Structure formats: C-alpha cells, structure tokens
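Below: the structure, in structure tokens.
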Amino acid sequence: MALNILIVDDSPVMRVFLRKVVQLTGLPVGEYCEAADGEAALNVLHERWMDLVLTDINMPHMNGEEFVRRLERDEMLRDIPVIVVSTDSSRERVDRLIKLGVRGYISKPFLPETLRDEVEKILGVRHV
Amino acid sequence: MSERVLKHLLAPALDDVLEMMFFSEAFGPCELDPSADGLEANVAFAGETSGSVGIRISEASARCLAASFLGESENALTGPQIAQVVCELTNMLCGCIVSKMTPHGCFNLDSPELLCRQREQSKDTSVIQQSFAIEHGTLTVSLWLSASE
C-alpha cells in the first residue's frame with residue numbers, strides 16, 4: 001500500500017531533505033504534500049487523505065505542539081499518526097508531545113534508517 | 001563545565017550532523033582564518049544553560065554541503081537555498097551541542113539567523129571556538145555562553 005505523507009516544516013530546504021530521506025528509506029509513497037506551519041497542515045489534512053504526518057516543532061503562526069493539540073481535538077483527524085522530527089530532543093518536550101498523542105519522535109541529526117524503523121513500527125510491516 | 005570539556009563537545013557534534021544529515025565529514029581541527037570569506041549563521045538557546053551557537057563556513061564548502069543535503073548539483077543551487085541550508089546546519093549543530101551539554105535538561109532554540117557581519121563579543125559572554133577542515137574549505141563553530149553559566 002502506497003503511503004500519502006504530509007511534511008510540515010517552515011524551512012523549504014528541510015522539507016526537500018525529508019522528502020529525499022523518505023525516498024532513500026524505500027517506503028512506498030503515493031503522494032507527498034507539504035505545509036510550512038501547523039495551520040497550513042490542518043488545511044491540507046481537511047482536503048486530502050494522509051497516512052502519515054512528519055512535523056517540526058518550532059514553526060511560526062502555529063507551532064508543532066499546537067498543531068498536534070488541534071489534531072487530537074478533531075475527530076476526523078486524530079487517528080492520523082504523527083512523527084515529530086526536531087532538533088529539540090529534551091526529555092520534557094518529548095514526554096509532553098507523547099502525552100498529546102504524538103506516535104514517534106526523531107531527533108535531528110538522524111539516519112534514514114531511523115525514520116524507516118519509526119514508520120514501520122508505527123504503521124506496521126504490512127504497510128511497508 | 002570547563003572550557004576544555006565544552007570544546008571537546010564541538011567535534012563529535014559536528015561529526016554527527018555532517019555524517020548523518022549531509023553525508024559528509026570533518027577532517028579534523030585546523031587553524032582559524034579570520035580573513036576568509038564565508039557565510040555566518042547563529043542560533044540562540046535558552047534553558048538550564050543559555051547562549052548561542054554560531055558557525056562560519058567558507059562559500060565553497062557551503063555550496064558543497066547544500067548540494068549534498070538537497071540532492072542537487074552545485075550549479076543548480078540558488079543563493080537563498082545555500083543560505084537556508086547553512087541556517088539548518090547551524091540549527092542542528094546547536095541542538096546537538098546543547099543536548100550533549102545538558103543531556104537531561106530542557107531548552108528552547110530560537111530560529112536560526114544568517115548574519116550579515118561578524119558578531120561582536122559582549123562582555124557578559126564567553127566563547128569556545130574551534131575550526132575544522134571540511135570539503136572545499138573550513139567551518140568554524142563558536143559556542144557563546146552567557147555569564148551566569
């Protein structure tokens with residue numbers, strides 16, 4: 001099954017990088033979508049079906065934490081798995097996000113295999 | 001944490017970032033060349049320890065790393081793309097260094113900013129600095145700590 005993936009990051013070059021890393025992992029991807037902040041990401045999710053969201057935390061307008069909070073409050077969107085990809089790997093921040101419903105947390109820098117393992121763990125091997 | 005210990009955090013942090021995110025490497029410490037041209041970026045952090053991390057990278061090296069990061073040929077890159085990659089590199093280095101300084105601490109990182117001129121050192125900060133040879137030039141990492149640290 002091909003995965004539709006939404007990449008949320010305010011840095012255009014980071015979005016390109018994440019797309020490249022996903023390609024390197026060999027995960028079957030149907031559609032990539034991108035958003036520069038949480039608000040834009042919510043708009044995408046209301047228009048298109050996504051199997052997975054990769055999101056940064058530090059973003060303008062609506063940051064990653066607020067984005068995850070809004071997802072959890074939305075019955076239509078709350079089941080979409082979210083993996084945070086961030087430079088901020090402090091224990092307190094990770095714990096808070098996991099409590100909010102985040103399914104995975106990857107600290108930058110990371111190897112492509114780390115992303116693949118996290119996606120496989122969250123979506124199950126039958127998907128990949 | 002002593003200056004010597006802090007200085008020893010810079011090399012492994014740079015190795016981690018270059019190897020994992022840029023598919024590149026640092027070849028080891030080298031002399032600082034203050035006259036060399038290059039790009040500078042800075043990221044401030046706050047938490048148990050506060051300060052900022054800055055880098056200065058030669059233009060040829062920045063272009064080479066940006067090409068590797070984006071999977072593009074060097075000729076296809078624009079100036080803004082290279083600048084954004086330098087900011088991302090600084091951001092990741094800052095997160096990596098701060099995580100190694102305070103493994104169980106909580107911290108916040110500001111957005112990375114590209115600097116137009118060389119940063120002046122204020123009286124209430126100390127700086128730990130190390131230059132490294134990398135592909136096509138040098139990269140200097142500076143860790144600025146506020147006076148209370």
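This is a predicted model, so every value here is computed, not measured. Labels below follow one simple rule: chain letters A, B, ... track the order of the sequence lines, proteins then strands, and each chain is numbered from 1.
Across all their heavy atoms, F23(B) and K20(A) have their closest contact at CE1-NZ, 3.7 Å. The shortest heavy-atom contact between N91(B) and K108(A) is ND2-NZ, 4.4 Å.
Contact annotation: the side chain of S11(A) never approaches that of C87(B) to less than 4.5 Å [non-hydrogen atoms, C-beta and beyond].
Between atom CE of residue M21(B) and atom CZ of residue F17(A) there is a gap of 3.5 Å, rounded to the nearest 0.5 Å. Between the CD atom of E19(B) and the CG atom of L111(A) there is a distance of 9.0 Å, given to the nearest 0.5 Å. Rounding to the nearest 0.5 Å gives a distance of 8.0 Å between CD of E88(B) and OG1 of T87(A). To the nearest 0.5 Å, atom CE of residue M14(A) and atom CZ of residue F69(B) are 4.5 Å apart. Annotation: the span from S107(A) atom OG to M92(B) atom CE amounts to 12.5 Å, rounded to 0.5 Å.
By the rule that hydrophobic residues join a cluster once side-chain heavy atoms approach within less than 4.5 Å of another member, L6(A) and V13(A) end up as members of separate clusters. Tracing side-chain contacts under 4.5 Å through hydrophobic residues (I, L, V, M, F, W, Y), one never reaches I57(A) starting from L18(A); they form parts of separate clusters. Criterion: ILVMFWY side-chain heavy atoms under 4.5 Å apart, direct or through other members. Under it, V82(A) and L77(A) are part of a common hydrophobic cluster.
In this structure, R93(A) places its CZ atom where more than 12 heavy-atom neighbours from other residues, nucleotides or ligands lie under 6.0 Å away. More than 12 heavy-atom neighbours from other residues, nucleotides or ligands sit within 6.0 angstrom of CZ on R96(A). Counting heavy-atom neighbours within 6.0 Å of E39(A) CD, excluding the residue itself, gives a total of 12 or less. Within 6.0 Å of the CD atom in E31(A), the count of heavy atoms belonging to other residues, nucleotides or ligands exceeds 12.
Of the listed residues (L109(B), D110(B), L70(B)), the one with the most heavy-atom contacts under 4.5 Å to chain A is L70(B).
Heavy-atom distances place the side chain of L24(A), and not its backbone, under 4.5 Å from chain B.
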